[in-house]
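A short worksheet on the structure shown next.
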Amino acid sequence: MTSAVRLLPSFLIMGAQRCGTTSLYRALAQHPLLYKPVLRKGVHYFDTASYGHGLAWYRAHFPMRIGTALLIRRFGGLPQAFESSPYYLFHPLAAERIAADLPGVKLIVLVRDPVERACSAHAHELARGFETEECFERALELEEERVAGAGELFLADPHAAHHGHRHLAYLARGRYADQLERLEPLFGRDRIMVIDSHRFFHDPEPVYDRLLRFLRVPRFGYPGFSRHNWRPRPKQLPDSLRLRLMDRFEEHDRRLVRWLDGEPSWRR
């Protein structure tokens with residue numbers, strides 16, 4: 001076993017789903033001091049039955065410590081491992097597991113217009129075969145029924161999986177403030193950075209600079225910023241439905257102001 005000589009993540013990109021996590025992950029992976037997992041973007045250790053494998057199993061997914069002293073001398077900063085698993089933000093048990101196993105870890109959360117996020121998630125899950133209802137509005141009507149019982153299931157069996165909770169919670173996953181407020185008591189406000197995805201895609205350099213300051217790593221120019229996992233929407237959302245959904249998210253979006261140090265871009 002080589003797990004003992006491997007890095008554990010110093011920070012996690014933990015969501016939200018369909019908010020640009022892959023694009024940010026790929027930008028950060030270009031930094032010489034930031035190490036991505038060996039095999040794939042997201043290990044999904046804290047939100048699936050894989051948690052039962054133990055921390056040594058998780059650590060085995062990251063690069064070895066060998067050569068870190070050379071990198072410190074060369075780049076003047078400490079190498080950091082990270083991963084990106086967007087279900088961590090929404091899974092009700094993931095935050096406590098992360099806090100217990102990765103003391104001192106920093107968290108990065110991306111948020112976007114929750115209506116656009118829901119539309120994007122529906123198209124994404126439909127394309128992947130996890131969604132069978134082609135009508136977005138009908139899928140929203142079914143959401144409460146589809147995610148019912150998830151909380152009780154996870155309490156009864158911490159290693160259980162709930163299809164509806166993971167793949168079909170279009171509106172619930174856009175209530176970002178609820179999820180952030182669950183993190184705050186466990187990690188503290190200063191270890192959580194929330195990024196407005198619209199600002200990241202429109203003007204990535206200032207967001208990238210702020211992120212490197214948060215991680216305490218030097219900047220060596222800018223990476224190639226590009227958009228990944230984008231899917232075209234099948235058809236335009238009716239204005240009447242958009243307005244109804246925006247009203248439903250209004251209170252949740254208002255609670256984001258203190259996390260973003262200002263009003264969310266989609267509310268301006």
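Counting begins at 1 with the first residue of the sequence.
Screening residues 244-268 for ring-ring contact (aromatic ring centres under 6.0 Å, His included) gives H198-W266 as the qualifying pairs, with residues at least two apart or on separate chains.
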task = Decide yes or no on side-chain hydrogen bond (donor to acceptor under 3.5 Å, both in side chains) for H165 and Y87, but give the supporting numbers first.
result = CA-CA 10 Å; H165 187 269; Y87 192 36; 2.6 Å; yes
request  = May I have the step-by-step check of side-chain contact (heavy atoms from CB on, under 4.5 Å) for L126 and E133, ending in yes or no?
outcome  = CA-CA 8 Å; L126 195 62; E133 178 54 66; over 6 Å; no
inquiry  = R166 vs V147, test: side-chain contact (heavy atoms from CB on, under 4.5 Å). Steps then yes/no.
reply    = CA-CA 9 Å; R166 181 165 182 174; V147 303; over 6 Å; no
query = Please walk me through it: do D101 and Y58 pass side-chain hydrogen bond (donor to acceptor under 3.5 Å, both in side chains)?
reply = CA-CA 10 Å; D101 290 349; Y58 182 58; over 6 Å; no
query = Which is it for H61 and Y45 under the ring pair (Phe, Tyr, Trp, His ring centres under 6.0 Å) test, yes or no, and what are the steps along the way?
reply = CA-CA 10 Å; H61 287 76; Y45 172 64; 8.2 Å; no
task = Kindly indicate, with the supporting measurements, whether the criterion side-chain contact (heavy atoms from CB on, under 4.5 Å) is fulfilled by L55 and L8.
result = CA-CA 9 Å; L55 197 60; L8 273 174; 4.2 Å; yes
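Under the 4.5 Å side-chain heavy-atom criterion for Ile, Leu, Val, Met, Phe, Trp and Tyr, L142 and F90 are members of distinct hydrophobic clusters. In the hydrophobic cluster analysis, where Ile, Leu, Val, Met, Phe, Trp and Tyr join through side-chain heavy atoms closer than 4.5 angstrom, L186 is grouped together with V194. No single ILVMFWY cluster, assembled from side-chain heavy atoms under 4.5 Å apart, contains both V105 and L93.
Residue F11 forms a ring pair (Phe, Tyr, Trp, His ring centres under 6.0 Å) with just one option from F82, Y88, F214, F187, and that option is F82. Here the rule is side-chain hydrogen bond (donor to acceptor under 3.5 Å, both in side chains) with Y170, and of E131, R18, E143 only E131 fits it.
Using a 4.0 Å cut-off between charged side-chain N and carboxylate O, D178 and R255 make a salt bridge. A salt bridge does not link E250 with R267: none of the charged nitrogens is closer than 4.0 Å to a carboxylate oxygen. A salt bridge does not link R254 with E251: every distance from a Lys NZ or Arg NE/NH1/NH2 to an Asp or Glu carboxylate oxygen is 4.0 Å or more. Between D113 and R242 there is a salt bridge, since a side-chain N of the basic residue sits under 4.0 Å from a carboxylate O of the acidic one.
E83 contributes a side-chain N or O that, together with a main-chain N or O of V43, makes up a donor-acceptor pair within less than 3.5 Å. Looking only at distances, a side-chain donor or acceptor of Q30 sits under 3.5 Å from a matching main-chain atom of R26. Of the possible polar contacts, none joining the R65 side chain to the V5 backbone as a donor-acceptor pair under 3.5 Å is found. With R258 contributing its side chain and D261 its backbone, the two residues share no donor-acceptor pair below 3.5 Å. At least one donor-acceptor pair under 3.5 Å links the side chain of Q80 to the backbone N or O of L215. Under the 3.5 Å distance criterion, the side-chain polar atoms of S85 are matched with a main-chain donor or acceptor of H44. Within the 3.5 Å criterion, the main-chain N or O of A16 finds no donor-acceptor partner in the side chain of R173. Between the side chain of D196 and the main chain of P264, no donor-acceptor pair closer than 3.5 Å is present. Looking only at distances, a side-chain donor or acceptor of S197 sits under 3.5 Å from a matching main-chain atom of C19.
By the 4.5 Å heavy-atom criterion applied to side chains, Y176 and R112 are counted as neighbours. Under the 4.5 Å side-chain criterion, counting only non-hydrogen atoms from C-beta, L241 is in contact with E137. In this structure, the side chains of L211 and I195 come closer than 4.5 Å at one or more pairs of heavy atoms. Taking 4.5 Å as the limit, every side-chain heavy atom of V207 sits out of range of all side-chain heavy atoms of L24. Contact check for L140 versus L171: side-chain heavy atoms found under the 4.5 Å cut-off. Proximity of L102 to L12: side-chain heavy atoms (C-beta onward) are separated by under 4.5 Å at one or more points.
Nearest approach of P114 to D253, heavy atoms of both residues: CG-OD1, 3.8 Å. Residues L89 and R182 approach most closely at O-NH2, 2.9 Å, considering heavy atoms.
Here the straight-line distance linking atom CG of L256 with atom CG of L180 works out to 6.5 Å at 0.5 Å rounding. In this structure, NE2 in H167 is found 9.0 Å from NE2 in H124, a value given to the nearest 0.5 Å.
Partners of E205 under the side-chain contact (heavy atoms from CB on, under 4.5 Å) rule, at least two apart in sequence or in another chain, are D203, Y222, F225.
S84 and K36 form no side-chain donor-acceptor contact under 3.5 Å, judged by distance and modelled atom types alone. Counting only N and O atoms by type, the side chains of K106 and S10 include no donor and acceptor under 3.5 Å apart.
Judged by a 6.0 Å distance limit and a 45° cone about the ring axis, R219 is not positioned over the six-membered ring of Y208.
The distance between the ring centers of F220 and H31 falls below 6.0 angstrom.
Taking the six-membered ring where the residue is Trp, H53 and W57 present tilted rings, their angle falling between 30° and 60°.
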